[in-house]
Protein chains: 2
Amino acid sequence: MKEVLPQFNSTFSIDCVIFGFDGGDLKILLIERNNEPFKDWWALPGNLVGENESLDQSASRILNELTGLTDIYMEQYYTFGDVNRHPQGRVVSIAYYALLRLGGDKAVRPISSYAKQAHWVNINELPKLAFDHQQIYDKGLEKIKRRIKHQPIAFELLPEKFTLTQLQNVYELILGKKLDKRNFRKKMLSFGVLKDLDEKQKGVSFRAATLYRFDKRKYAKLFGKEISF
Amino acid sequence: MKEVLPQFNSTFSIDCVIFGFDGGDLKILLIERNNEPFKDWWALPGNLVGENESLDQSASRILNELTGLTDIYMEQYYTFGDVNRHPQGRVVSIAYYALLRLGGDKAVRPISSYAKQAHWVNINELPKLAFDHQQIYDKGLEKIKRRIKHQPIAFELLPEKFTLTQLQNVYELILGKKLDKRNFRKKMLSFGVLKDLDEKQKGVSFRAATLYRFDKRKYAKLFGKEISF
DNA sequence: ACATTTACTGTGTTTTTTACACTAACTCCG
DNA sequence: CGGAGTTAGTGTAAAAAACACAGTAAATGT
């Protein structure tokens with residue numbers, strides 16, 4: 001029924017920089033490719049976009065296929081379309097990043113067909129990546145660095161209940177630098193979006209810290225005002 | 001030689017939000033479509049990406065075909081890929097914005113084949129747009145609003161020599177709100193990236209203002225430091 | 001009880017942001 | 001040439017935000 005649009009041999013794919021935080025390290029999910037080109041290389045998870053899925057849906061599907069998770073925070077951030085970025089033809093790739101919490105029962109055991117294996121890799125120990133994936137990763141990290149300063153995305157990496165020290169760790173890992181503890185806590189609490197749970201950490205050696213929860217309601221009320229985390 | 005990648009009937013295009021400033025109003029370039037679908041509707045300039053051009057090249061080409069201009073500041077900002085955004089098939093569209101100065105000898109008389117006509121339209125008087133172009137425009141403006149606060153893109157809209165009042169006008173038009181004159185001037189000058197030309201406006205009624213030039217060298221030296229215009 | 005580790009707290013200084021109104025310079029016109 | 005009209009240009013005080021900085025409190029393990 002539809003008229004055919006002019007076209008040539010081309011296609012598009014999604015690539016995902018999937019960040020996970022396990023309470024200690026910040027990691028991304030990499031796959032070891034099972035096919036040419038770049039067989040046996042490490043690469044960002046990605047796939048072609050299906051005929052009847054939107055870009056956002058496709059990104060969610062890719063993440064779900066690897067991790068089994070749904071409803072994960074994902075954001076499209078850039079599209080890579082150099083003519084020769086894929087050796088087998090023109091592939092334009094739309095990049096997404098995702099943020100999720102690792103560990104516990106959600107431990108995430110990745111399975112997939114086009115990959116020999118998938119691994120969570122510390123972002124400070126990344127191997128050489130296939131295609132232009134290093135560039136895609138770099139740009140993703142850069143975007144997240146900016147975004148974390150203005151939007152409450154750090155909470156996506158943390159369990160529902162978390163301590164201020166954990167929150168600070170997330171910021172320090174993403175920004176790649178140390179922050180002053182007192183100033184950090186003062187500022188975070190001043191936004192009024194953290195709810196003190198009157199509850200302490202359990203199962204830790206040494207002094208237990210107070211647990212907090214991110215209060216989405218209060219955050220929603222702040223909209224319009226510029227808020228800088 | 002190349003293996004063929006799996007694919008279906010799909011293609012991708014570039015759409016451009018081309019901002020122009022004529023000293024008074026902020027405008028974008030719109031075309032009146034000559035073909036179905038949305039024949040006779042106003043739309044953002046756009047075209048399919050050629051087989052051997054990168055996305056950036058394609059965006060530059062589209063702008064050049066309409067205006068004859070080259071070396072214009074352009075930035076990719078988002079990719080739109082809903083399944084039904086184009087009635088004739090799957091078209092993923094990569095959006096760019098561009099900033100340029102209008103008027104004088106550069107007056108820009110747009111010509112093109114797929115458009116009946118092209119016009120510069122005040123951003124406060126936009127007509128109904130074809131496809132999802134309103135959404136594409138909205139997101140573009142939003143991105144520029146953010147960017148103008150951190151990067152020296154306002155200068156792209158101004159002639160080489162400009163007055164502080166003109167610069168402030170650009171900010172006010174993009175941000176959509178009035179700014180305090182004294183605070184604005186103080187802040188702009190404090191960055192040290194404006195060179196006072198010891199030269200006055202000519203041909204104006206009433207008192208002539210001092211002309212400035214943006215000093216790219218000094219700006220380059222600031223890199224790394226967060227600078228907020 | 002002591003050693004160890006992490007949680008938690010406050011103040012003073014500096015910098016940035018905001019609010020605010022008048023004089024100076026130039027042009028046009030009569 | 002003088003006065004009316006219009007835009008250019010300037011400073012200060014108050015408030016808010018950012019920054020630098022170190023010791024005590026609480027819990028654990030031995």
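Given the structure is predicted, the values throughout are model-derived calculations rather than measurements. Quick note on labels: first sequence line is chain A, next is B, and so on, each numbered from 1.
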Peer 1: Once you round it to whole Å, what is the distance between P of C:dT16 and CD of B:Glu226?
Peer 2: 13 Å

Peer 1: Considering heavy-atom distances to DNA chain D, does B:Asp180 or B:Thr165 have its closest nucleotide positioned more toward the 5' end?
Peer 2: B:Thr165

Peer 1: Quick check for you: among C:dT11, C:dT18, C:dT6, whose closest atom lies nearest to any side-chain atom of A:Lys186?
Peer 2: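 From the listed options, C:dT11 comes nearest.
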
Peer 1: Establish whether the base of D:dT7 is bridged to the side chain of B:Lys181 by a donor-acceptor pair shorter than 3.5 Å.
Peer 2: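 Result: no qualifying N/O pair found.
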
Peer 1: Compare all side-chain heavy atoms of A:Arg147 with those of A:Ile153 and state whether any distance is below 4.5 angstrom.
Peer 2: yes

Peer 1: Can you check whether A:Ser205 has a side-chain N or O nearer than 4.0 Å to OP1 or OP2 of C:dT5?
Peer 2: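 Checking C:dT5 against A:Ser205, no side-chain N or O comes under 4.0 Å of OP1 or OP2.
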
Peer 1: Hey, is A:Lys195 close enough to A:Asp215 for a salt bridge, meaning N to O under 4.0 Å?
Peer 2: no

Peer 1: From the set C:dC20, D:dA20, C:dC8, return the single nucleotide nearest to any side-chain atom of B:Asn183.
Peer 2: C:dC20

Peer 1: Which is more 5' along DNA chain C, the nucleotide nearest B:Ala208 or the one nearest B:Ser228? Just name the residue.
Peer 2: B:Ser228

Peer 1: Tell me whether the side-chain N/O atoms of B:Arg182 come closer than 4.0 Å to OP1 or OP2 in C:dC20.
Peer 2: no

Peer 1: I need the minimum non-hydrogen distance between A:Tyr96 and A:Tyr77, along with the two atoms involved.
Peer 2: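 The answer is C-CE2, 3.4 Å.
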
Peer 1: Just the rounded figure in Å: distance from P of D:dT10 to CZ of B:Phe184.
Peer 2: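 Those two atoms, CZ and P, are 15 Å apart.
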
Peer 1: Between P on C:dA7 and NZ on A:Lys200, what's the gap in Å once rounded to a whole number?
Peer 2: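 Answer to the nearest Å: 11 Å.
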
Peer 1: Atom CG of B:Leu179 and atom C1' of D:dG9: how far apart are they, to the nearest Å?
Peer 2: 17 Å

Peer 1: Measuring from B:Ile174:CD1 to B:Ile123:CD1, what's the distance to the nearest 0.5 Å?
Peer 2: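 So the gap between those two atoms works out to 8.0 Å.
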
Peer 1: Of the options A:Leu157, A:Leu100, A:Leu99, which is the one that meets A:Tyr73 in a side chain to side chain contact (heavy atoms under 4.5 Å, CB included)?
Peer 2: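 Testing A:Tyr73 for a side chain to side chain contact (heavy atoms under 4.5 Å, CB included) against A:Leu157, A:Leu100, A:Leu99 leaves exactly one candidate, A:Leu99.
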
Peer 1: Hey, does the side chain of B:Lys187 come within less than 4.0 Å of C:dT17's phosphate (OP1/OP2), counting only N and O?
Peer 2: yes

Peer 1: For A:Met188 and C:dT9, what is the distance between atoms CE and C1' respectively, to the nearest whole Å?
Peer 2: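 It works out to 18 Å between those atoms.
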
Peer 1: Is there a donor N/O on one and an acceptor N/O on the other, under 3.5 Å, for the side chain of B:Arg207 and the base of C:dA25?
Peer 2: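 Checked by distance alone, the answer is no.
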
Peer 1: Name the nucleic acid region contacted by A:Thr210, choosing base, sugar-phosphate or nothing; use a 4.0 angstrom heavy-atom cut-off, strictly under.
Peer 2: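 Sugar-phosphate: the residue A:Thr210, judged by heavy atoms under 4.0 Å, touches backbone atoms but no base.
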
Peer 1: Can you tell me which nucleotide in C:dC20, D:dT28, C:dC8 comes closest to the side chain of A:Ala209?
Peer 2: C:dC8

Peer 1: Would you indicate what B:Thr163 reaches in the nucleic acid, counting non-hydrogen atoms under 4.0 angstrom: base, sugar-phosphate, or nothing?
Peer 2: nothing

Peer 1: In whole angstrom, give the distance that lies between atom CZ of A:Arg185 and atom C1' of D:dA18.
Peer 2: 18 Å

